[in-house]
2 protein chains.
Amino acid sequence: MAKKEETDDVSLWERLERPAAAPRASLTPGRIAEVATGIADREGFAAVTMRKVATELGVAPMAAYRHVNGKDELWALMIDRVSGELAPVDEISGWRETLRAYALRTREMMLRHPWLAHMPAPLFALTPHRMAAAERQLASLDGLGLDVDTMMAAFRAVNAYVHGATQSEAALRQYMQDQGWQSADETRRGLAPQMSYLMETGRYPTYRRYTHGAARKDDATWQFETGLDCVLDGVAGMVERGHA
Amino acid sequence: MAKKEETDDVSLWERLERPAAAPRASLTPGRIAEVATGIADREGFAAVTMRKVATELGVAPMAAYRHVNGKDELWALMIDRVSGELAPVDEISGWRETLRAYALRTREMMLRHPWLAHMPAPLFALTPHRMAAAERQLASLDGLGLDVDTMMAAFRAVNAYVHGATQSEAALRQYMQDQGWQSADETRRGLAPQMSYLMETGRYPTYRRYTHGAARKDDATWQFETGLDCVLDGVAGMVERGHA
DNA sequence: CCGCTGGGTATACGACGTACACATCGACGC
DNA sequence: GCGTCGATGTGTACGTCGTATACCCAGCGG
């Protein structure tokens, strides 16, 4: 435990920021993350393979291991990279506008990179760009009379909602794409075999009423924003009670 | 496209319920799901392998494929199986108590089976037991004057929160277990190398204030319930406005 | 008694993650 | 200048995975 250093003792994020460590380095964590996310965007999560990343970099399969400890770290780099697409929200607007803007941007970002829905969840914390977004959201809740625990709870509530809602939305989209279904109607037709057996058991009357009578059934944006505003209303209640 | 029938044309869920299809059948989707979830519970998500499931069933590696179309379907069966642990909530209590009870039970169930956090999200819909839970939650929102779209949005908001929040909680727990960390303090010490680099950049002052000064930092149940009540408050607002 | 069908098996292929030993080359002390 | 050393990239190899395909055989309807 004293020899496999350099990718082991110094933090992944330190390595990521360290500028072109050695002169000879044509590979960097940044470049690796770049082509890996490119592959994921174009060909899906499952196509991101150590070997494919390497060939796309014009390099031997094992080369990337000098800069990245394994597939887990590669995933962490990918998550951090796309999290960098979340442009900061200007600080003038109040907490609600700030949280709302981050939520909308996060959703858009996750839909741009649907492979995020397949990521093992633990990696979703502690990357620099994610922490930066968290910091700005927390800061927007500061000074309202909430204690730090409650601030964090509010922040987490919004983010848990955004992740949960967008994960299933992104996953559905990708599933449609995998199956070659273009429209919502086409999807219903494709899902019908699975669905009709369940529905004809007669066990789900309320659900059935929704699938037959809903007007905004296919308006994912309306659904997301309605749920989001609902959560934000709840946070507003906390804020009011918090400094009462 | 006219010969690979029997696992292809009839729905997975129909196969699951069909009682002991043939006389000779010693294998069933139910038994397969049973040992697969057993493996996942004991040894983690990555240990669930077609071959391991087969040997645990005392059967050749390819045998399970007669009953299950591939790993995806196996995962769907596993999800449905543990979703069956969500005991129905009696219908007497109001919508809020019903949704709250399902949320708490869902969290507990997901923490009992932490491998759920690693599941590709698309499979999280459309399994019979999950639809049963959804049906009962929707029914509890029925008759309050909400239109079906809003009912569904409220239901989805709560569930998205529950999934998002519990996924990260379960993932953290499993990560701790993988690393052999027992307590929250031990975890902080283990995470310190990763964390200190980020914190010492000075970019996250509000976040730092939380990690240093929070009282409920390690009370996951408080955090979950606080966020949940927040979302439920938001739903309450929708309900009030909905029949106004 | 025969042949068909459906459950279980045997074999095999290609791809994956990654351990390990090796080659190469820039930079730096002398 | 020159040897050495650490960091960077390579080659080879192993074990494991999902699953296609061809097979075998028990039991049953005729």
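Letters A, B, ... mirror the listed sequences (proteins, then strands); counts begin at 1.
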List for me each residue that meets salt bridge (Lys or Arg N to Asp or Glu O under 4.0 Å) alongside B:Arg208, sequence neighbours excluded, and say none if there are none. none
Quick test of your reading: applying salt bridge (charged side-chain N to carboxylate O under 4.0 Å, His left out), list the pairs with at least one residue in residues 31-42 of chain A, sequence neighbours left out, ordered by first then second residue. A:Arg42-A:Glu56
For nucleotides 14-17 of chain D, tabulate all protein N/O to nucleotide N/O atom pairs closer than 3.5 Å, reporting atom names and distance.
unit_1, atom_1, unit_2, atom_2, d
D:dC17, O5', B:Thr49, OG1, 3.3
D:dC17, O3', B:Thr49, OG1, 3.1

Which residues satisfy the salt bridge (Lys or Arg N to Asp or Glu O under 4.0 Å) test with A:Arg112, sequence neighbours excluded? A:Glu85
Atom CZ of B:Arg15 and atom C1' of C:dG7 are separated, to the nearest Å, by 14 Å
Under the rule for ring-ring contact (aromatic ring centres under 6.0 Å, His included), what residues qualify as partners of A:Phe155, not counting sequence neighbours? none
Does B:His67 make a side-chain N or O approach to OP1 or OP2 of C:dG6 shorter than 4.0 Å? no
Distance, rounded to the nearest Å, where A:Arg31 contributes CZ and D:dT8 contributes P: 15 Å
A:Tyr210: partners by ring-ring contact (aromatic ring centres under 6.0 Å, His included), with sequence neighbours left out: none
Residues passing the side-chain hydrogen bond (donor to acceptor under 3.5 Å, both in side chains) test with B:Lys71, sequence neighbours excluded, are none
What protein N or O atoms touch nucleotides 4-6 of chain D N or O atoms at under 3.5 angstrom, if any, and at what distances?
none

Which residue pairs pass the side-chain hydrogen bond (donor to acceptor under 3.5 Å, both in side chains) test when at least one of the two sits in residues 45-54 of chain A, sequence neighbours left out? A:Glu43-A:Lys52
Is the backbone N or O of B:Leu126 less than 3.5 Å from a side-chain atom of B:Trp13, with the two atoms forming a donor-acceptor pair by type? yes
Those residues that, when tested against B:Tyr102, pass ring-ring contact (aromatic ring centres under 6.0 Å, His included) (two or more places apart): none
Which pair of heavy atoms, one from B:Val89 and one from B:Arg105, lies closest together, and at what distance? CG2-NH1, 3.6 Å
What protein N or O atoms touch nucleotides 19-23 of chain C N or O atoms at under 3.5 angstrom, if any, and at what distances?
none

Please report the distance, rounded to the nearest Å, between CG in B:Leu57 and C1' in C:dG7. 14 Å
Would you tell me if any nitrogen or oxygen in the side chain of B:Ser26 comes within less than 4.0 Å of OP1 or OP2 on C:dG7? no
Residues in ring-ring contact (aromatic ring centres under 6.0 Å, His included) with B:Tyr197, at least two apart? none
